[in-house]
Amino acid sequence: MTSGALPNGQQPDSPNLDGQPTPLYKNEEIIYSYFLALVATTSPEIVTIEFKTLFIEFVNTDKNTDAWNVLFRIIYAEDEDKFHKILNRCCYILVNNWQSSRNNAAIQDLIQMFQDKTIGSYTASMSLHRLRTWLGNFSNSDDYKALELFASRSEDGPWSHRYSSYLLAHQSVFGKSKEQKEAAKALSRQLKERFKFDLAMYTARSQSQLVSAEVPNKNPTGLGNDVLRLIKTVVAKRGPYNYLNLANIFINQTQGVTYKSFKIALKKYLIFSVEHQTFVDTINNKLSHKLLELGKNHDSEILSPILLENTCKKTIDFLTTETGKEPSLLFILLLANGNPMTLAIVLLKLVLICKSCSPHLEACLANLIRYYEEQSQTECKWLINFLEVVRITFAIYADNVEYNVVRWDGDSTTGFADSENERYRIFSSVKRPIAETEEER
């Protein structure tokens, strides 16, 4: 059976024991339970077939009868929003399970299923026609675009997919189901760990005389050889005023101060040691006022952890995107007039004094990526450059990787230290095992 009346003459909402119709929002649990049981006990190949049988072909089988009946009721009721929600969550139920077992092929097959030609083909069945229309709408939705991140690889997709870890971090906070949030959080973390590992390996191999020409040393960034110069610049800030020490000093100095005093100190902390004068002027002229106006009714209160976190998050908004969509005026001004690395360092300073703000920053970066993603890579070169600088800077300050710059006088046989920049070499090391090693990739 593919369409038509319900079996045994049932009505779209069958009465329960009290004689009242069972609401569709309760019936949908039947579909979720069906796929939860299926994915836990059956091979991905069979699960994929069953998913297609129900949602794409709309065929009623002995195995899926209960789920099919619920789906039919939803189609009969013309409730496309309910269908969209159920379909989206079922996809993440499968993705979440397959991702934990690193079954990327099954995830790709599932997502590719929505490009099946039968979805756009003609059918005389009213219910099947409605279903196919809804499937077409889903495949053109933002929810499907979010789902595609789980099957894409940065080298294959658009430029925005290179920063999938940020887009997924956004989903992990704002996802529409617990399965989506869990899957997004896991994959985002995996991608960030992989980038940190690849960057450390690339850095080590780039300066090793033992690298074989037969083993390619793939640069995980989009900056080319400039990445080594950038790492040296960030890591070379040593001594008592490196960024981590500076953050700790600031935290200690602002213990027990009033909220207003903290906001004044925060602005000074953010521009401390910034050499780009235009950048400093922009912060003084545009950010100072925003900070002073922020939470004025709390100015006389002693700084609390909640005030600290909320202020850091709001400052990140000021510096990236205040509306959650388009870039803020400060973001545009700072990147137009200053060095992207300077803004990256200011964002790093905020996270170093309030680590719980890191997911919020990633969500803001995801919003910027989504805002510009329809533009070409060439048009977005300035943004891409900034995003590369951000993720490299944060990778250097990660807890599980350590970078050091050491003066190197060169090798008389290689002439290594011919230039001033080459008088320093970067040494990277993993302080504890990173979740994903080369063998796991």
Side-chain angles (χ1 to χ4, degrees), residues 88 92 140-150 152 154 157-177 180-189 191-192 195 222 270 282-283 286-287 290-291 294 309-336 338 340-351 354-377 379-395:
N88 195 47
Y92 282 107
N140 291 313
S141 69
D142 288 339
D143 282 335
Y144 181 70
K145 183 186 293 185
L147 190 63
E148 283 185 303
L149 290 175
F150 292 86
S152 70
S154 59
W159 67 264
S160 59
H161 284 192
R162 188 184 305 161
Y163 310 101
S164 292
S165 63
Y166 296 138
L167 299 174
L168 289 163
H170 187 278
Q171 287 189 45
S172 71
V173 177
F174 300 104
K176 295 183 177 179
S177 67
Q180 180 180 4
K181 292 178 180 178
E182 290 170 359
K185 183 177 181 180
L187 185 54
S188 177
R189 181 172 58 246
L191 292 175
K192 283 184 285 188
F195 177 77
L270 294 179
T282 303
I283 292 291
K286 302 296 182 181
L287 183 61
K290 287 180 177 292
L291 285 176
L294 185 62
E309 180 175 345
N310 289 343
T311 304
C312 288
K313 285 183 177 179
K314 198 62 183 175
T315 305
I316 290 172
D317 291 342
F318 293 150
L319 295 170
T320 55
T321 168
E322 292 185 64
T323 64
K325 294 181 180 179
E326 65 266 14
S328 66
L329 176 61
L330 257 177
F331 178 78
I332 295 174
L333 288 175
L334 292 174
L335 284 190
M341 181 178 162
T342 307
L343 179 55
I345 293 298
V346 168
L347 294 172
L348 173 68
K349 286 180 174 181
L350 285 166
V351 172
C354 184
K355 292 186 178 181
S356 59
C357 290
S358 184
H360 184 76
L361 171 60
E362 292 176 332
C364 288
L365 294 175
N367 287 331
L368 290 172
I369 294 167
R370 286 301 189 201
Y371 182 81
Y372 287 104
E373 68 179 343
E374 297 301 325
Q375 298 185 17
S376 69
Q377 182 167 329
E379 292 174 306
C380 293
K381 187 176 181 180
W382 63 274
L383 176 64
I384 292 172
N385 189 49
F386 167 71
L387 293 171
E388 291 290 351
V389 172
V390 168
R391 65 175 184 164
I392 292 169
T393 300
F394 277 75

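- The closest donor-acceptor contact from the side chain of Ser328 to the backbone of Phe318 lies under 3.5 Å.
- Pairs engaging residues 367-377 under the salt bridge (charged side-chain N to carboxylate O under 4.0 Å, His left out) rule: Lys145-Glu373, Lys145-Glu374, Arg370-Glu373 [sequence neighbours left out].
- Legend: residues meeting side chain to side chain donor-acceptor pair (under 3.5 Å) with Glu182, ordered by chain and number and at least two apart, are Asn96.
- Partners of His360 by ring-ring contact (aromatic ring centres under 6.0 Å, His included), not counting sequence neighbours: none found.
- The side chain to side chain donor-acceptor pair (under 3.5 Å) search around Lys381 returns none, not counting sequence neighbours.
- Considering CD1 of Ile345 and CG of Leu350, their distance stands at 11.5 Å, rounded to 0.5 Å.
- Using modelled atom types, one side-chain atom of Ser188 and one backbone atom of Ser165 make a donor-acceptor pair closer than 3.5 Å.
- One distance of note links CG of Leu343 with CG of Leu348; it measures 11.5 Å at 0.5 Å rounding.
- For Gln377, the side chain to side chain donor-acceptor pair (under 3.5 Å) criterion is met by no residue, not counting sequence neighbours.
- Thr321 places a side-chain N or O within donor-acceptor distance of the main-chain N or O of Glu326, the cut-off being under 3.5 Å.
- At least one donor-acceptor pair closer than 3.5 Å links the side chain of Ser164 to the backbone N or O of His161.
- Partners of Tyr372 by side chain to side chain donor-acceptor pair (under 3.5 Å), not counting sequence neighbours: none found.
- The SG atom of Cys364 lies 8.5 Å from the NE2 atom of His170; values are rounded to the nearest 0.5 Å.
- Between the Glu379 side chain and the Gln375 main chain, no donor and acceptor come within less than 3.5 Å of each other.
- Minimum heavy-atom separation, Arg391 to Glu388: NE-OE1, 3.1 Å.
- The two atoms that bring Thr320 and Phe331 nearest to each other are O-CB, 3.5 Å, heavy atoms only.
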Pair Phe195-Tyr163, ring pair (Phe, Tyr, Trp, His ring centres under 6.0 Å): steps then yes or no: CA-CA 10 Å; Phe195 177 77; Tyr163 310 101; 9.0 Å; no
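- Pairing each heavy atom of Ala344 with each of Val389, the nearest pair is CB-CG1, 3.8 Å.
- A salt bridge is absent between Lys355 and Glu309; no separation between the charged side-chain nitrogens and carboxylate oxygens falls under 4.0 Å.
- At least one donor-acceptor pair under 3.5 Å links the side chain of Asn367 to the backbone N or O of Gly324.
- Taking 4.5 Å as the limit, some side-chain heavy atom of Glu322 sits within range of a side-chain heavy atom of Lys290.
- With rounding to the nearest 0.5 Å, the separation of OG1 in Thr315 from CG in Leu287 is 6.0 Å.
- Interatomic distance, CG of Leu361 versus CD1 of Ile316, reported as 5.0 Å (0.5 Å rounding).
- Across all non-hydrogen atoms, the minimal contact from Val346 to Leu270 is CG2-O, 3.6 Å.
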